[in-house]
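Following: one structure in structure tokens, then a few remarks.
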Amino acid sequence: MPNIIDKALFKRAIKFFIFAASITILAAIITYIINPDLKEVMKGIDSRASEQVKEATGVDKVWSYIVNNGFMVPFQMFILALIPIQFLYFLNIITTVSLPGILFGVALQSDFGKGCEIILSSLPHYVFEVFALCLLAAALFELNRVIRANIKSIFKKDRLGLSFIKPFLATIRTYAFFVLPIIILAALLETYIADFLYNLF
């Protein structure tokens, strides 16, 4: 079987994941320290969730998460990666990991014990979902680098354009073989395992 994902891509994804997890932790700590109005925070977060996700249950809920996190978010990241600005595509991940951090901070502020239980029960799907997006970001890093290099070469005398096709196909392979399956697994964990773990605690 051909090597679908290389070590450099995986290492970059790990670095992105550590950075993303740090944002979640920071958001949780800041929210916990500043002690915000819990009702207003929850109202603001609730308003950002789509009606489809909020009202869905069971398989419908899984599908809603897959549509949002498996198709819409990756597509947005891909479009942002085509813009010759480095790490612009990472904005989606920053938004994705900031919200759980705020929720964790609110939960800890409301009831520290239950807050810890919520965090522990959320960790499995959080890890899978965020790592999948970081893996996509790692692939988009190379795609964006090629785009920026080709644009810079326009203004140089020796125009040595890099191939766009190779990183594009690598991104598609990474998405199809790794990102989407992991997102599907994360959706299943969030729908069926998170509540089970919470009740277990």
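Nothing fancy with the numbering, it's 1 onward along the sequence. Because the structure is a prediction, the values reported are computed rather than measured.
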Residue pair L82, F164: steps toward the side-chain contact (heavy atoms from CB on, under 4.5 Å) verdict: CA-CA 11 Å; L82 298 179; F164 175 83; 4.2 Å; yes
Chi angles and distances behind the salt bridge (Lys or Arg N to Asp or Glu O under 4.0 Å) call for R145, E142: CA-CA 5 Å; R145 185 189 70 81; E142 186 61 27; 2.5 Å; yes
Criterion side-chain contact (heavy atoms from CB on, under 4.5 Å) on K15 and I18, from CA distance to verdict: CA-CA 5 Å; K15 290 178 182 178; I18 292 171; 5.7 Å; no
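With values rounded to the nearest 0.5 angstrom, L180 atom CG is found 11.0 Å from N69 atom CG. To the nearest 0.5 Å, atoms CZ (F104) and CD1 (I118) are separated by 8.5 Å. One distance of note links OH of Y192 with NZ of K61; it measures 9.5 Å at 0.5 Å rounding. Here the SG-CD distance, from C134 to E129, works out to 10.5 Å after rounding to the nearest 0.5 Å. One distance of note links CG of L135 with OG1 of T171; it measures 10.5 Å at 0.5 Å rounding. Put simply, CZ on F87 and CG on N144 are 8.5 Å apart, with the number rounded to the nearest 0.5 Å.
Counting only residues at least two apart or on different chains, the side-chain hydrogen bond (donor to acceptor under 3.5 Å, both in side chains) pairs with a member in residues 75-93 are Q76-N92.
N68 places no side-chain N or O within donor-acceptor distance of the main-chain N or O of V73, the cut-off being under 3.5 Å. A donor-acceptor pair under 3.5 Å is absent between the side-chain atoms of T31 and the main chain of V106, judged by distance alone.
Closest approach of L108 to C116, counting heavy atoms only: CD2-N, 3.7 Å. The two residues S98 and I23 come nearest to each other via the heavy atoms OG-CG2, 3.6 Å. Between P181 and A176, the shortest heavy-atom distance links the atoms CD-O, 3.4 Å. I66 approaches A187 most closely through the heavy-atom pair CG1-CB, 3.9 Å. Of all heavy-atom pairs spanning A186 and H125, the tightest one is O-CB, 3.5 Å.
Side-chain contact between I193 and L188: absent, with no pair of heavy atoms (C-beta onward) separated by less than 4.5 Å. Using a 4.5 Å cut-off on side-chain heavy atoms (C-beta onward), L120 and E117 make no contact. Considering only heavy atoms from C-beta on, F16 stays 4.5 Å or farther from I93 through its side chain. Counting heavy atoms from C-beta outward, S163 and V146 have side chains that stay 4.5 Å or more apart. Inter-residue side-chain proximity for F78 and F168 is flagged as met; some heavy-atom pair is nearer than 4.5 Å. Contact of the L136 side chain with the T174 side chain is not registered, since no non-hydrogen atoms from C-beta on lie closer than 4.5 Å. Side-chain atoms of L9 and F141, non-hydrogen and from C-beta on, never get closer than 4.5 Å to each other.
Within a 6.0 Å radius of OH in Y126, more than 12 heavy atoms belonging to other residues, nucleotides or ligands are found. Taking a 6.0 Å sphere around CZ of F71, one finds it holds more than 12 heavy atoms contributed by other residues, nucleotides or ligands.
Aromatic rings from F19 and F90 are positioned such that their centres are separated by under 6.0 Å. The distance between the ring centers of F10 and F131 falls below 6.0 angstrom.
Of the listed residues (T96, I29, V130, V97), just one forms a side chain to side chain contact (heavy atoms under 4.5 Å, CB included) with T24, and that residue is V97.
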